[in-house]
Colleague: 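Sharing a structure below in structure tokens format, with a few things to ask.
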Amino acid sequence: MAKVAVLTTGGTVAMRHDPARGGAVPALTAADLTAVLPPGAPELAVEEVCNLPSSHFTLGDLWRIRERVAAHAADPEVAGVVVTHGTDTLEETAYLLDLTVPGEAPIVLTGAMRTASEVGADGPANLWAAVRVAASPQARGLGALVVLNDEIHAARFVTKTDTLSPATFQSPGWGPLGRVEGDRVHIPWRLEREVLPCPRLEERVVLLKLTIGMEVEMLEDALARGARGVVIEALGASRVPPWWIPIIQQALDAGVAVVIASRCPSGRVWDAYGYPGGHRTLKEMGCLFSPGLNGPKARIRLMVVLGAAQSAAEAASLWNGSSRPEESAWR
Ligand code: ASP
């Protein structure tokens with residue numbers, strides 16, 4: 001039977017209540033986590049990368065996870081890789097792995113919303129489902145997947161939608177790619193995968209969320225601090241207040257990449273308006289547009305693109321060229 005690599009990084013799935021600290025804290029080792037898997041599980045290669053709440057991850061931690069996943073995914077004896085991860089930032093790690101780790105071996109991220117000391121802890125069931133998906137021939141070539149609550153989601157579309165529900169991971173507007181049904185893995189849909197080169201991450205990329213009447217200080221501040229890329233979660237299908245246009249132009253003139261995403265939970269960025277600050281204005285100015293990614297994932301993609309590109313022009317063509325397959329999937 002194929003071998004599955006299980007890399008643990010922490011999160012609630014590896015936490016237990018500690019009365020002395022008044023709450024749940026990291027406690028379970030990689031061996032503790034995998035000990036709950038039933039007989040008949042595939043052979044495992046287990047590695048503890050770290051044991052942290054995912055809100056504590058630095059970009060250095062993210063890079064280390066990526067490197068370890070890439071190493072296991074390249075092993076011809078490994079059918080698939082499972083990563084256990086805190087749910088708070090799981091979608092960003094999942095998308096980075098999807099975008100940058102080549103190969104056919106599926107990378108399956110999972111976690112838990114209830115700690116190991118709670119009644120109804122969801123960690124063991126989620127881990128077992130993730131291992132089965134990682135070993136499944138149906139998952140080959142699908143890149144990174146997120147498996148919780150017996151649902152299989154594409155890293156590109158999935159997001160944490162609820163602060164507490166075990167059904168928190170959803171793909172708004174798309175739905176899951178498949179399900180784990182008892183012993184069966186069922187994946188009826190296929191996605192065309194996009195893989196970009198990733199020699200490093202450009203860390204100087206910020207994400208700003210627009211709100212009604214918002215002034216431009218945060219963008220001014222980001223530029224003054226040397227941001228090389230800015231992702232703006234714009235209003236609706238890609239609109240900014242007119243008083244944002246000069247500062248966005250200033251950023252673009254300084255060679256800073258500006259990506260427009262949306263603060264809406266689903267949908268792409270495009271509109272047909274002719275008034276200032278709409279999609280047309282931003283496009284003519286030279287902004288880039290998120291290919292259906294939410295703000296945090298568009299930031300990951302911009303960090304990858306700017307880490308690989310040697311110039312603003314190359315970054316723009318990497319950004320736009322590689323989003324074309326997804327564009328055409330919409331027609
Ligand atoms: N605080 C946790 C984290 O590490 C939340 C979770 O895992 O559900 O992200």
Side-chain angles (χ1 to χ4, degrees), residues 6-37 46-66 68-69 81-98 107-131 133-134 144-155 157-172 176 180 201 207 265 294-297 299-300 303:
V6 178
L7 278 61
T8 65
T9 72
T12 295
V13 68
M15 293 192 194
R16 259 204 208 102
H17 184 77
D18 178 350
R21 293 172 70 183
V25 294
L28 275 63
T29 64
D32 295 331
L33 280 170
T34 50
V36 300
L37 295 180
V46 181
E47 176 178 336
E48 181 169 308
V49 181
C50 56
N51 196 351
L52 293 170
S54 68
S55 52
H56 290 196
F57 282 167
T58 63
L59 292 176
D61 295 320
L62 179 61
W63 186 256
R64 195 152 59 90
I65 294 169
R66 181 193 171 273
R68 295 311 303 143
V69 169
V81 182
V82 170
V83 181
T84 63
H85 196 295
T87 61
D88 291 344
T89 60
L90 185 149
E91 68 196 71
E92 285 151 274
T93 303
Y95 180 62
L96 175 69
L97 298 172
D98 190 57
I107 300 159
V108 185
L109 288 92
T110 193
M113 293 299 287
R114 299 191 187 116
T115 68
S117 29
E118 279 173 271
V119 174
D122 49 339
N126 287 341
L127 179 58
W128 179 219
V131 168
V133 173
L145 302 167
V146 172
V147 173
L148 278 94
N149 203 35
D150 284 344
E151 290 188 348
I152 305 165
H153 290 266
F157 300 129
V158 74
T159 191
K160 185 174 182 179
T161 62
D162 190 286
T163 52
L164 297 172
S165 167
T168 185
F169 282 97
Q170 303 290 330
S171 301
V180 180
L201 294 177
L207 169 61
N294 66 19
K297 288 189 221 177
R299 172 176 167 266
I300 294 283
M303 290 196 295

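Atoms within each ligand, like the ligands themselves, are counted from 1 in listed order.
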Colleague: Under 4.0 Å from a heavy atom of S54: give me the atoms of ligand 1 that qualify, with their elements.
Modeller: 3 (C), 4 (O), 9 (O)
Colleague: Mark up the atoms of ligand 1 that fall under 4.0 Å of a heavy atom belonging to G11, in ascending order.
Modeller: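 By the 4.0 Å cutoff, the relevant atoms are 4 (O), 7 (O).
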Colleague: May I ask you to decide if A155's main-chain N or O and K297's side chain share a donor-acceptor pair within less than 3.5 Å?
Modeller: yes
Colleague: Answer yes or no: does an N/O atom from T87 fall short of 3.5 Å to an N/O atom of ligand 1?
Modeller: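 Yes; at least one N/O pair falls below 3.5 Å.
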Colleague: Taking only heavy atoms of P53, which atoms of ligand 1 are found under 4.0 Å from at least one of them?
Modeller: 4 (O)
Colleague: Under 4.0 Å from a heavy atom of D88: which atoms of ligand 1 are those, numbered in the order shown and with their elements?
Modeller: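 What qualifies from ligand 1 is 1 (N), 2 (C), 3 (C), 5 (C), 9 (O).
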Colleague: Using modelled atom types and a 3.5 Å cut-off, is there a donor and acceptor pairing between side-chain atoms of T84 and backbone atoms of G111?
Modeller: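 Pair absent, no side-chain N/O of T84 close to backbone of G111.
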Colleague: With rounding to the nearest 0.5 angstrom, report the OG1 to CG distance, T110 to L145.
Modeller: 11.5 Å
Colleague: Are the side chains of M113 and T12 in touch, meaning some heavy atoms are under 4.5 Å apart?
Modeller: no
Colleague: Please report whether ligand 1 has a polar contact with T12, defined as an N or O pair separated by less than 3.5 Å (distance criterion only).
Modeller: yes
Colleague: Taking all atoms of both residues into account, what is the closest heavy-atom pair of E47 and A30, and its distance?
Modeller: C-CB, 4.4 Å
Colleague: Pull out every atom of ligand 1 sitting under 4.0 Å from any heavy atom of A112, numbered as shown with elements.
Modeller: 6 (C), 7 (O), 8 (O)
Colleague: Are any of the N/O atoms in S55 less than 3.5 Å from those in ligand 1?
Modeller: no
Colleague: Would you say the side chains of E118 and T115 form a donor-acceptor pair under 3.5 Å?
Modeller: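 Yes, side-chain donor-acceptor contact under 3.5 Å.
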